[in-house]
Amino acid sequence: MILLKQLSLYRGSNPLLANVDLVIHDGQKIGITGANGGGKSSFFAMLKGELHQDSGELEIPRSAVIAHVEQEVEASGAPAVEYVIDGDAELRILERAIAGDIGGEALAHAVSRLDEIDGYGARARAARLMHGLGFRDHEIEKPVSEFSGGWRMRLNLARALMCRSDILLLDEPTNHLDLEAVIWLESWLKSYEGTLLLISHDREFLDATVRFICHLENKMLRLYSGNYGDFERQRAANLAQQQAAFEKQQREVAHLQSYIDRFRAKATKARQAQSRIKALERMEMISAAHIDSPFHFSFDAPVPASDPLLKLDKAAAGYGARKVFEGITLVIESGNRIGLIGPNGAGKSTLVKLIAGELAPLSGERIEGRGLRIGYFAQHQLESLKGDESPLQHLQRLDEAAREQELRNYLGGFGFAGDAVFSPVGNFSGGEKARLSLALIIRTRPNLLLLDEPTNHLDLEMRHALTMALQDFEGALVLVSHDRHLIRTTTDQLVLVESGKAGIFEGDIEDYGKKVCDAPGEKKPDAPNRKQVEAQSRAARRPLQKRIDKLEDEMEKLSEEKSVIEARIADPEFYSDRDAVKSALLRQARIESSLAEMENEWLELHSELESLQ
């Protein structure tokens, strides 16, 4: 259990936490939310012992093993898999003891303990973690020094997961991951049995992994029961009486409703319209939760252009002699809203660069329409901002005719208020640079907007504001993002990039998530042996179906027990009995772990069963 009593934490003379009381029980999975710069990472640093509270008490069990993701990676020549295994500190201690000059009872104890913690399976466990995070087989033994910065961060994440921890602290773990790795990490965290504290600005990731939200606001930490969607609804209820919340909500509902009305009857848009209908149902409840957001902006009408805006005709792209893809044919018309999906390294960012004109096609054609104006956001473009200039100077160079007050008002919608408009950009955080880059792009009135992972470094409030603005954007949009909520609510067509090709994906983002999780089936048998094969198939299916039926019974029983426990946990009076709370939370964690394992087995069995059909 982690206990904060009247705790205060300062950054210099600035209070981050003031007289906070908070109890975190063993096994709880909690999302930590709040505005960027509010103190979430400092809270983690205090839990890790890197900062000390200025007053009050912090109690963490001395025996608790705390795992976290290091921000730096030594560029060593060690194999990546060995670097990941180093995350299990006790394992390494036992290995050194066994290899050293010990004997008798000490050696027997070390060998016994190594067996208890499955030390002999550690390498396989590390390899599974690396595969889940997107590393290929041939990269397992690759030296750490040969990986780029983003992949080194994945190694650090794998190393943290390798630690058999009691408390796991994750600060924006999805920033360097693609969608496939995010989905895998969700599954892993669902089965984690320790206490999870997760800082994330990915609402769907929070919804899938946590059962409580701890919101940092006004120097206080307030614990809400439920996932992020539940938190939004609770917070919205607290603000629902404000007239401004109602007016803002109605505008946002109108944006979604107009889309639904336009496309509900069109077969090619029907699935996406259904996604918007679901979003509308949620929007009516949650809009008020963001009424006090510091971010408010919108797109002006795009500059006129011919239609289509851009064509790719049998285009190939790559770097030097290496082709990433070829034979791409894509037509982008005004009003198109395209989400690019596909595994890491398949070429999504390369395709965006080709569309943007940053890469010339190796073969085929890239044809621009008259009046095309592209707004292109990518992480590497943050580096093009001039560090010695202010946000106002950047904007004035872009729009020399505008009055200073007009530009200051515009920047205010992106969170640059007061003297912040005069501050040198070189001192800005990643999130502030990303917001400024978006502000500059939007100011150009693009008719084709290209966004490559725009939400990295953006907090939940800014993501919400960007989502609302994109829903009302009248131009064409091409989006690459691991934020499924952004994809679902701002695009209406998915293009799958994989195996050197790109084509329309028939389905929505949920269908793609299922595709990622499902194992590929096997080829059907040839006709000459069909009767014999069908008989063998029936025999092979019987034990599988029997096991599936048994799993479904066990899962139903566990789900009923879980519902009972959750009802008890939701009762504030239940927390008066500490032992009962601890027992219930531990049982809840075990049930969730068991259900996750059973669901995985159930999916594997069904996949195997389908392959035998």
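What you see is a predicted model; the values in this text were computed from it and never measured.
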Legend entry - Contact check, side chains of Ile85 and Arg159, non-hydrogen atoms, under 4.5 Å: no

Legend entry - For Glu326, all residues meeting salt bridge (Lys or Arg N to Asp or Glu O under 4.0 Å), sequence neighbours excluded: Lys323

Inset, instruction - Mind listing the closest non-hydrogen atom pair of Ala160 and Leu168 along with its distance? - result: O-CD1, 4.3 Å

Legend entry - Nearest non-hydrogen partners of Arg154 and Gly134, listed with the distance: NH1-CA, 4.0 Å

Inset, instruction - Verify whether one side chain among Asp307 and Ser334 offers a donor that lies under 3.5 Å from an acceptor in the other. - result: no

Inset, instruction - Check whether any side-chain N or O of Arg373 sits under 3.5 Å from a backbone N or O of Leu448 as a donor-acceptor pair, and report yes or no. - result: no

Legend entry - side-chain hydrogen bond (donor to acceptor under 3.5 Å, both in side chains) evaluation trace for Asp452 with Tyr376: CA-CA 8 Å; Asp452 190 352; Tyr376 178 30; 4.8 Å; no

Inset, instruction - Could you tell me the separation between the CG atom of Leu330 and the NZ atom of Lys314, rounded to the nearest 0.5 Å? - result: 15.0 Å

Legend entry - Check: Phe295 ring centroid to Phe414 ring centroid under 6.0 Å: no

Inset, instruction - Identify the two heavy atoms, one from Val497 and one from Ala502, that lie closest to each other, and give their separation to 0.1 Å. - result: CG2-CB, 4.1 Å

Legend entry - Any donor-acceptor pair under 3.5 Å from Lys348 side chain to Pro343 backbone: yes

Legend entry - Side chains of Ser481 and Thr455 in contact at under 4.5 Å (non-hydrogen atoms): yes

Inset, instruction - List the atom of Leu177, the atom of His482, and the distance in Å for their closest heavy-atom pair. - result: O-ND1, 3.3 Å

Legend entry - Axial cation check for Phe325 ring with Lys501, 6.0 Å and 45° limits: no

Legend entry - Gap separating the CD1 atom of Ile30 from the CD1 atom of Ile199, nearest 0.5 angstrom: 12.0 Å

Legend entry - N-O pairing of Arg164 and Asp88 below 4.0 Å: yes

Legend entry - Heavy atoms of other groups near Arg136 CZ, more than 12 under 6.0 Å: no

Inset, instruction - Measure the NE2-NE2 distance between His201 and His464 for me, rounded to the nearest 0.5 Å. - result: 15.0 Å

Legend entry - 4.5 Å side-chain heavy-atom contact, Leu436 and Leu395: no

Legend entry - Glu172 backbone acceptor or donor facing Ser200 side chain under 3.5 Å: no

Inset, instruction - Let me see the working for Leu351 and Leu312 under side-chain contact (heavy atoms from CB on, under 4.5 Å), right down to the final yes or no. - result: CA-CA 10 Å; Leu351 179 54; Leu312 297 179; 3.8 Å; yes

Inset, instruction - Would you check if Ile487 and Leu479 make a side-chain contact, meaning some heavy-atom pair closer than 4.5 Å? - result: yes

Inset, instruction - Please lay out, stage by stage, how Met462 and Phe297 fare under the test side-chain contact (heavy atoms from CB on, under 4.5 Å). - result: CA-CA 10 Å; Met462 182 59 187; Phe297 59 90; 3.5 Å; yes

Legend entry - Ion pair Arg125/Asp118, N-O distance below 4.0 Å: no

Legend entry - Side-chain (Gln471) to main-chain (Thr489) donor-acceptor, under 3.5 angstrom: yes

Inset, instruction - Would you check if there is a donor-acceptor pair between the side chains of Asp137 and His131 at a distance under 3.5 Å? - result: yes

Legend entry - Salt bridge flag under 4.0 Å for residues Glu510 and Arg484: no

Legend entry - Thr490 OG1 to His485 NE2 distance, which is reported to the nearest 0.5 Å: 9.0 Å

Legend entry - Backbone of Asn227 reached by a side-chain donor or acceptor of Asp207 within 3.5 Å: no

Inset, instruction - Assess whether ring-ring contact (aromatic ring centres under 6.0 Å, His included) is satisfied between Tyr512 and Phe505, documenting all intermediate values. - result: CA-CA 8 Å; Tyr512 181 66; Phe505 179 78; 5.7 Å; yes

Inset, instruction - Apply salt bridge (charged side-chain N to carboxylate O under 4.0 Å, His left out) to Arg488 and Asp508, showing your working. - result: CA-CA 8 Å; Arg488 180 185 301 106; Asp508 56 21; over 6 Å; no

Inset, instruction - Determine the interplanar angle of the Tyr192 and Trp188 rings, folded into 0 to 90°, and report it as parallel if under 30°, tilted if 30 to 60°, perpendicular if over 60°. - result: parallel

Inset, instruction - Carefully, step by step, assess Leu310 and Ile367 under the rule side-chain contact (heavy atoms from CB on, under 4.5 Å). - result: CA-CA 6 Å; Leu310 186 139; Ile367 306 167; over 6 Å; no

Legend entry - Residues which pass side chain to side chain contact (heavy atoms under 4.5 Å, CB included) with Ser187, listed by chain and number, not counting sequence neighbours: Asn600

Legend entry - Ala80 backbone acceptor or donor facing Glu141 side chain under 3.5 Å: no

Inset, instruction - Look at the side chain of Arg337 and the backbone N and O of Ala476, then say whether any donor-acceptor pair between them is shorter than 3.5 Å. - result: no

Inset, instruction - For the residue pair Phe377 and Leu449, establish whether any side-chain heavy-atom pair is separated by less than 4.5 Å. - result: no

Legend entry - Beyond-backbone contact of Glu232 with Arg203, side-chain heavy atoms, under 4.5 angstrom: yes

Inset, instruction - Enter the distance from Leu494:CG to Leu340:CG here, rounded to the nearest 0.5 Å. - result: 9.0 Å

Inset, instruction - Assign the ring pair Trp151 / Phe135 to parallel, tilted or perpendicular, where the plane angle (0 to 90°) is split at 30° and 60°. - result: perpendicular

Legend entry - Validation row: Lys386, Val425 side chains within 4.5 angstrom (heavy atoms): no

Inset, instruction - Report yes if the side chains of Ile374 and Leu450 come closer than 4.5 Å at any heavy-atom pair, otherwise no. - result: yes

Legend entry - Short side-chain to backbone donor-acceptor contact, Glu146 and Pro143, under 3.5 Å: no

Inset, instruction - With sequence neighbours excluded, tell me which residues meet salt bridge (Lys or Arg N to Asp or Glu O under 4.0 Å) with Glu552. - result: none

Inset, instruction - Applying side-chain contact (heavy atoms from CB on, under 4.5 Å), run through Asn336 and Leu477 and close with a yes or a no. - result: CA-CA 6 Å; Asn336 282 168; Leu477 169 68; over 6 Å; no

Legend entry - Any donor-acceptor pair under 3.5 Å from Asn447 side chain to Val303 backbone: yes

Legend entry - Shortest non-hydrogen contact between Pro454 and Leu486, atoms and distance: CG-CD2, 4.1 Å

Inset, instruction - With salt bridge (charged side-chain N to carboxylate O under 4.0 Å, His left out) as the test, would you mind laying out the steps for Glu383 and Lys433 before giving the verdict? - result: CA-CA 9 Å; Glu383 300 167 8; Lys433 289 179 180 178; over 6 Å; no

Inset, instruction - Supply the atom-to-atom distance Leu466 CG to Leu451 CG, rounded to the nearest 0.5 angstrom. - result: 6.5 Å

Inset, instruction - Ignoring hydrogens and angles, tell me if any N or O in the side chain of Arg152 forms a donor-acceptor pair with the backbone of Ser145 under 3.5 Å. - result: yes

Legend entry - Closest contact, heavy atoms only, Asp459 versus Ala35: OD2-CA, 3.8 Å

Legend entry - NZ/NE/NH1/NH2 to OD/OE distance under 4.0 Å, Glu368 and Arg366: yes

Inset, instruction - Give a yes or no on whether Lys311 atom NZ has more than 12 heavy-atom contacts from other residues, nucleotides or ligands under 6.0 Å away. - result: no

